[in-house]
Amino acid sequence: MALSIKESKQMDSSKCVRYTPEQVEALERVCSERPNPSSMRRCREKQRKDASCVQTANRKLTAMNKLLMEENDRLQKQVSHLMYENGFMRQQLQNLVKWNL
């Protein structure tokens, strides 16, 4: 089944991709390094680079999340301990006030 020119253009326009300024900058860098690569090759290189960056960022965020969760647990234990000590000190203070009256 052959497509008409109009149908072909409609299909091509539906594949329009919007790039972020960072993506445009990366593409321009690649193009300046290799002035004549095919558009498919540029696209693949960018996708690989983006995927690698995303994986690296994901690993860093996962590690940071683990550290923050550990720090949160430590701080919660410290708060519990300080609340216990605060209650104990209040009790001691109340006992002193009672004895001095």
For K46, check side-chain hydrogen bond (donor to acceptor under 3.5 Å, both in side chains) against everything at least two apart and list the hits.
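K46 satisfies side-chain hydrogen bond (donor to acceptor under 3.5 Å, both in side chains) with D50 once adjacent residues are dropped.
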Could you tell me the separation between the CG atom of L67 and the CG atom of N72, rounded to the nearest 0.5 Å?
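Here the rounded value is 12.5 Å.
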Can you tell me how far apart CZ (R48) and OG (S52) are? Round to the nearest 0.5 Å.
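Those atoms lie 11.5 Å apart.
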Could you tell me if the side chain of L96 sits less than 4.5 Å from the side chain of Q92, heavy atoms only?
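The answer is no, as the side chains (C-beta and beyond) never meet within the 4.5 Å cut-off.
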L75 side chain near Q78 side chain, heavy-atom distance below 4.5 Å
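When only atoms from C-beta onward are counted, Q78 and L75 do touch, with a gap below 4.5 Å.
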All pairs passing salt bridge (charged side-chain N to carboxylate O under 4.0 Å, His left out) where residues 65-75 contributes a residue, at least two apart
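Applying salt bridge (charged side-chain N to carboxylate O under 4.0 Å, His left out) to every pair that reaches into residues 65-75, excluding sequence neighbours, yields E71-R74.
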Per the salt bridge (charged side-chain N to carboxylate O under 4.0 Å, His left out) rule, what does the pair list look like for residues 21-32, sequence neighbours excluded?
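Pairs touching residues 21-32 that pass the test: E25-R29.
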Output all residues satisfying side-chain contact (heavy atoms from CB on, under 4.5 Å) with R59, sequence neighbours left out; order by chain, then residue number.
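So R59 forms a side-chain contact (heavy atoms from CB on, under 4.5 Å) with Q55, T56.
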When Ile, Leu, Val, Met, Phe, Trp and Tyr are grouped by side-chain heavy atoms lying under 4.5 Å apart, directly or through other members, which residues fall in the same group as V79?
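So far as hydrophobic clustering goes, V79 is joined with M83.
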Co-members of F88 in a cluster of I, L, V, M, F, W and Y side chains, linked at under 4.5 Å
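Members besides F88, by chain and number: M89.
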